[in-house]
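The model shown is predicted, which means the values in this text are computed figures rather than measured ones. We use all heavy atoms of the structure for the numbers below, so side chains are in, but hydrogens, waters and symmetry mates are not.
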Number of protein chains: 4
Amino acid sequence: MPRVSEEHLERRRAQILDAARACFIRKGFHETSMQDIFAESGLSAGAVYRYFKSKTEIIEALASVAIGGLAGYVSEVLKEDPVPPLDDAVGRLTQLIVTMVGPDDTLRLAPQAWALAMYDEQFGTYVRTRMTEVRQLWIMYVERLRDAGMVPPDTDCTAAGKALFGMMPGFVIQYLLVGDLTSEEFRRGLRSLASPATLAPDPA
Amino acid sequence: MPRVSEEHLERRRAQILDAARACFIRKGFHETSMQDIFAESGLSAGAVYRYFKSKTEIIEALASVAIGGLAGYVSEVLKEDPVPPLDDAVGRLTQLIVTMVGPDDTLRLAPQAWALAMYDEQFGTYVRTRMTEVRQLWIMYVERLRDAGMVPPDTDCTAAGKALFGMMPGFVIQYLLVGDLTSEEFRRGLRSLASPATLAPDPA
Amino acid sequence: MPRVSEEHLERRRAQILDAARACFIRKGFHETSMQDIFAESGLSAGAVYRYFKSKTEIIEALASVAIGGLAGYVSEVLKEDPVPPLDDAVGRLTQLIVTMVGPDDTLRLAPQAWALAMYDEQFGTYVRTRMTEVRQLWIMYVERLRDAGMVPPDTDCTAAGKALFGMMPGFVIQYLLVGDLTSEEFRRGLRSLASPATLAPDPA
Amino acid sequence: MPRVSEEHLERRRAQILDAARACFIRKGFHETSMQDIFAESGLSAGAVYRYFKSKTEIIEALASVAIGGLAGYVSEVLKEDPVPPLDDAVGRLTQLIVTMVGPDDTLRLAPQAWALAMYDEQFGTYVRTRMTEVRQLWIMYVERLRDAGMVPPDTDCTAAGKALFGMMPGFVIQYLLVGDLTSEEFRRGLRSLASPATLAPDPA
DNA sequence: CATGAATGAGATTTCATTCAT
DNA sequence: AATGAATGAAATCTCATTCAT
């Protein structure tokens, strides 16, 4: 069935990734065997290996999406003009996470991707790079808050950006794993904490 | 025959867990083979299997520590009297994470444990339970903040507790995986954000 | 449909054999995959299979040439009139081997063909037949030496022919594998040994 | 069944090599599957892989013996004092080949080993080294013939040694593959050719 | 208590070959 | 005539686990 359209090839790749994603969510990267993927996709071994040259390549394709999938949207929200208030920004991004998990479950693989990054040198490097990029968006966002007078002029924007970026994994874990957290509740929680009264007296 | 001291048994178990931990950190749960653990521990297959009846049991032993290891300390800090300010509480607990990673690397397994919990029914249940317990401590902490007048009386303490609890995974990931975040910086970041000026106007 | 010239077909066959030969020399018959041959020839699977109905057929086509390729020339030299002296005959045939390896490397497959003949019933029969034919030429050559008075009248021509034929593999191996033997040196070596003084006293 | 004697280990290795040798002779290195070796040896996959870490290692173990197996004996014969006549030396070594094929068929693998050496870089180097060593014995043998006055004083001993060494592969192939040559016949053939009358007139 | 040889199912990947287009 | 996607059996090797010693 040769001489096949570019679109056909693309569909096949998607078919394989869909199958692999389903398996990985159900059983994990390593407990999923290639046989599982053949069965789930309805393709033969040879067919799958025509599109991906190893299991690792499939894992990395999906894990990369799980890690980088949100990046574009984060940028969109955080660069909005005028600069959105913090609870809006966080609330909309967590909301986005929720809606994205729906149609394309890839985000459910994020914890597995973090785990993989902890011991796989190469994938770890990729993940660190992507995380640093996205975190940089948060840092720039805090700089804009500062320029807008919404945080004090002497704010350590890098530190604040790291703290904000750090809210996302916590939301993801509670949303995906514990399963009892909504975007709205998270936002509400944030709002109540945003007061100097919660802080230790300034050391200065 | 036997007649071996309780202490001896405990030492053997520790020896095996130490070896397994080192392997798991280096290669991950599933890429680590039992033979890797035999080699790292200097024990024979038979010896290891006398103390743990399967690889799963070893994984679960360590993953449980990675998940629950901090629980006791969290309680200590959050129940302190008088109730510590938010940045103190968070700062001390992230500090604790940092110092705990030193002597006993088990915490480095936390991301792998989260990942495992995503698809392993039984372990997932365990993790959810433990997380909920620890999160409950944060919720109670917010209630004490409220009683002390440090957050408004109408605060949704559950929501706020979830938000606070959610800071921890973000710190862990940035600390372990990206490797460029200190406890002090995280705290500083939090402090600058704790202001109503960062928030959208109250919808009410 | 078709309407393709005989010449075209012949060219395609040659193209495939050229590619296969290159692969076989580089990687051996069995380590070479059909996909290697497709790539080397620049043809598709379907195209190759139109001209050869199996990998075995390709191997046999080339192995046969490797075994039988010299036969015609051997005959030419050994049947020359007047009968050439032994060192001339051997020298010219080894020389021929050397010059033949140049333009068409097929001879480099000879050791693989011998090996194949050792365990492949059918190919072994073919090789035995061809070897026996060529060896017969050597035997007839010795008979002519005898008739010309160059070896004693009671010479066992069969035995002597086998001994002479046996020089060829030794030359091929040293030439192809060790790579430090020339036709001229081989001939010189032979000359110095051709003396009754090297022999044990006649048992008679 | 641990804590096993050195001898047991040695027996197992031998058992595996025996099985592999039988398979390799019957089907060739590459047509023999590891399953074939498991079946022939009566051992499990795991057991075989405890003793040899790859199929290649088994092939090389046997191919090395096939190549180097005779070396010790060659030395013994060629260094004998007084220096044995050429037909004796060749006759006794071919005789040795014949008797060695009997009890331990490894020699039957020689053609496969030559073939392998043609394209396997590493094994090729090994084979070249061993061949050069053994050939050196022949060269030294010719030097002793010269010193004993059995060949002319101006003999090119290297060339003559190469020619003599070259008789062996020819004998092996005719003996193993065609199967109609005896050591005695080969020797007889040599004797009849050892006369200056067979040679072209000296060019000098 | 401890050893470590042995098991054998199962993992990933390759490969000769076919056939719809 | 030619393509090349697809097949699926089979290849090599690994691994958690057992049990005779």
Side-chain angles (χ1 to χ4, degrees), chain A residues 1-5 8-9 12 30-38 42-58, chain B residues 1-5 8-9 12 30-39 42-59, chain C residues 1-5 8-9 12 30-39 42-59, chain D residues 1-5 8-9 12 30-38 42-58:
Chain A
M1 183 195 316
R3 196 85 313 188
V4 133
S5 69
H8 171 89
L9 265 39
R12 274 273 187 270
H30 302 292
E31 272 96 332
T32 294
S33 73
M34 289 304 289
Q35 294 297 338
D36 291 335
I37 297 177
F38 305 152
L43 291 171
S44 67
V48 171
Y49 273 90
R50 166 169 290 276
Y51 294 89
F52 294 91
K53 67 175 185 292
S54 67
K55 184 181 175 183
T56 296
E57 208 172 281
I58 300 179
Chain B
M1 305 181 194
R3 209 71 351 199
V4 143
S5 71
H8 172 84
L9 297 177
R12 274 273 190 270
H30 301 292
E31 274 97 330
T32 295
S33 70
M34 288 302 287
Q35 346 269 329
D36 289 335
I37 297 176
F38 306 152
L43 291 173
S44 67
V48 171
Y49 271 88
R50 171 164 294 277
Y51 294 90
F52 293 91
K53 70 174 188 291
S54 70
K55 184 182 177 185
T56 297
E57 207 173 282
I58 299 179
I59 291 176
Chain C
M1 306 184 194
R3 206 81 340 208
V4 145
S5 72
H8 172 84
L9 296 177
R12 274 271 189 272
H30 302 291
E31 273 97 330
T32 295
S33 71
M34 288 303 286
Q35 346 271 327
D36 289 335
I37 296 176
F38 306 152
L43 291 172
S44 67
V48 171
Y49 272 88
R50 170 164 296 278
Y51 294 90
F52 294 91
K53 70 173 187 293
S54 70
K55 183 182 176 183
T56 297
E57 208 173 281
I58 299 179
I59 290 176
Chain D
M1 182 198 312
R3 193 83 314 186
V4 133
S5 69
H8 172 87
L9 265 40
R12 274 273 187 271
H30 302 291
E31 272 96 331
T32 295
S33 73
M34 289 304 287
Q35 294 298 337
D36 291 336
I37 297 178
F38 306 152
L43 291 171
S44 67
V48 170
Y49 273 90
R50 165 170 290 275
Y51 293 89
F52 294 90
K53 67 175 184 294
S54 68
K55 184 181 176 184
T56 297
E57 207 173 282
I58 299 180

Q: Please work out if A:Tyr51 contacts a base, only the sugar-phosphate, or nothing of the nucleic acid, heavy-atom cut-off 4.0 Å.
A: sugar-phosphate

Q. So how far is it from D:Ser33 OG to D:Gln35 CD, rounded to the nearest 0.5 Å?
A. 5.5 Å

Q: Could you tell me whether a side-chain N or O of C:Lys55 sits under 3.5 Å from a main-chain N or O of C:Thr32, the two making a donor and an acceptor?
A: yes

Q. Over how many whole Å does the gap from A:Ile37 atom CD1 to F:dG8 atom P extend?
A. 18 Å

Q) Tell me: NZ of A:Lys53 to P of E:dT13, nearest whole Å? A) 11 Å

Q) Counting side-chain heavy atoms from CB outward, which of E:dT7, E:dT17, F:dT12 is closest to C:Lys55? A) E:dT17

Q) Rounding to the closest angstrom, what is the interatomic distance between F:dT21 and E:dC1 at atom C1'? A) 13 Å

**Q.** Between F:dA10 (P) and D:Asp36 (CG): distance, integer Å
**A.** 12 Å

Q: Output all residues satisfying side chain to side chain donor-acceptor pair (under 3.5 Å) with D:Thr56, sequence neighbours left out; order by chain, then residue number.
A: none

Q. With respect to the phosphate group of F:dC15, does any side-chain polar atom (N or O) of A:His30 fall under 4.0 Å of OP1 or OP2?
A. no

Q: Could you grab the distance from atom CG of A:Leu43 to atom OH of A:Tyr51, nearest 0.5 Å is fine?
A: 8.0 Å

Q) With a non-hydrogen cut-off below 4.0 angstrom, is A:Thr56 in contact with a base, only sugar-phosphate, or nothing? A) nothing

Q) Do the side-chain N or O atoms of A:Arg12 get closer than 4.0 angstrom to the phosphate oxygens (OP1, OP2) of F:dA6? A) yes

Q: Go through the steps to decide whether A:Glu31 and A:Asp36 satisfy the test side chain to side chain contact (heavy atoms under 4.5 Å, CB included), and finish with yes or no.
A: CA-CA 9 Å; A:Glu31 272 96 332; A:Asp36 291 335; over 6 Å; no

Q.
Quick check on DNA chain F: between A:Ala47 and B:Phe38, whose nearest nucleotide comes earlier from the 5' end?
A. A:Ala47

Q. Rounded to the nearest 0.5 Å, how far apart are CE of B:Met34 and CZ of B:Phe52?
A. 9.5 Å

Q: Consider the side chain of C:Tyr49, meaning its heavy atoms from C-beta on, and name the nucleotide among F:dC13, E:dA2, E:dT17 that approaches it most closely.
A: E:dT17

Q. Under 3.5 Å, is there an N or O donor on one side and an acceptor on the other linking the side chain of C:Gln35 and the base of E:dA16?
A. yes

Q) Want to settle it: does A:Glu31 or D:Gly46 sit nearer the 5' end of DNA chain E, counting the closest nucleotide to each? A) D:Gly46

Q) Which string of ( ) [ ] | and . matches DNA chain E, if you list each base 5' to 3' and count Watson-Crick or G-U pairs only when both distances are under 3.5 Å? A) .||||||||||||||||||||

(Q) Of the options F:dT17, E:dT13, E:dG8, whose atoms approach the side-chain atoms of D:Ser44 most closely? (A) E:dG8

(Q) Rounded to whole Å, please give me the gap between NE2 in A:His8 and C1' in F:dG4. (A) 11 Å

Q. Which heavy atom in B:Tyr49 sits nearest to a heavy atom in B:Ser54, and how many Å separate them?
A. CE2-CA, 4.2 Å

Q.
With nearest nucleotide decided by heavy atoms, which residue, B:Ser54 or D:Thr32, maps closer to the 5′ end of DNA chain F?
A. D:Thr32

Q | B:Phe52 CZ - F:dT18 P separation (whole Å) | A | 16 Å

Q. Counting just side-chain N and O atoms, does C:Arg50 come under 4.0 Å of either OP1 or OP2 of F:dA1?
A. yes

Q | Spacing of C:Leu9 atom CG relative to F:dA1 atom P, expressed in whole Å | A | 8 Å

Q. Looking at the side chain of B:Ala45, which of E:dG4, E:dA2, E:dT13 is the nearest nucleotide?
A. E:dG4

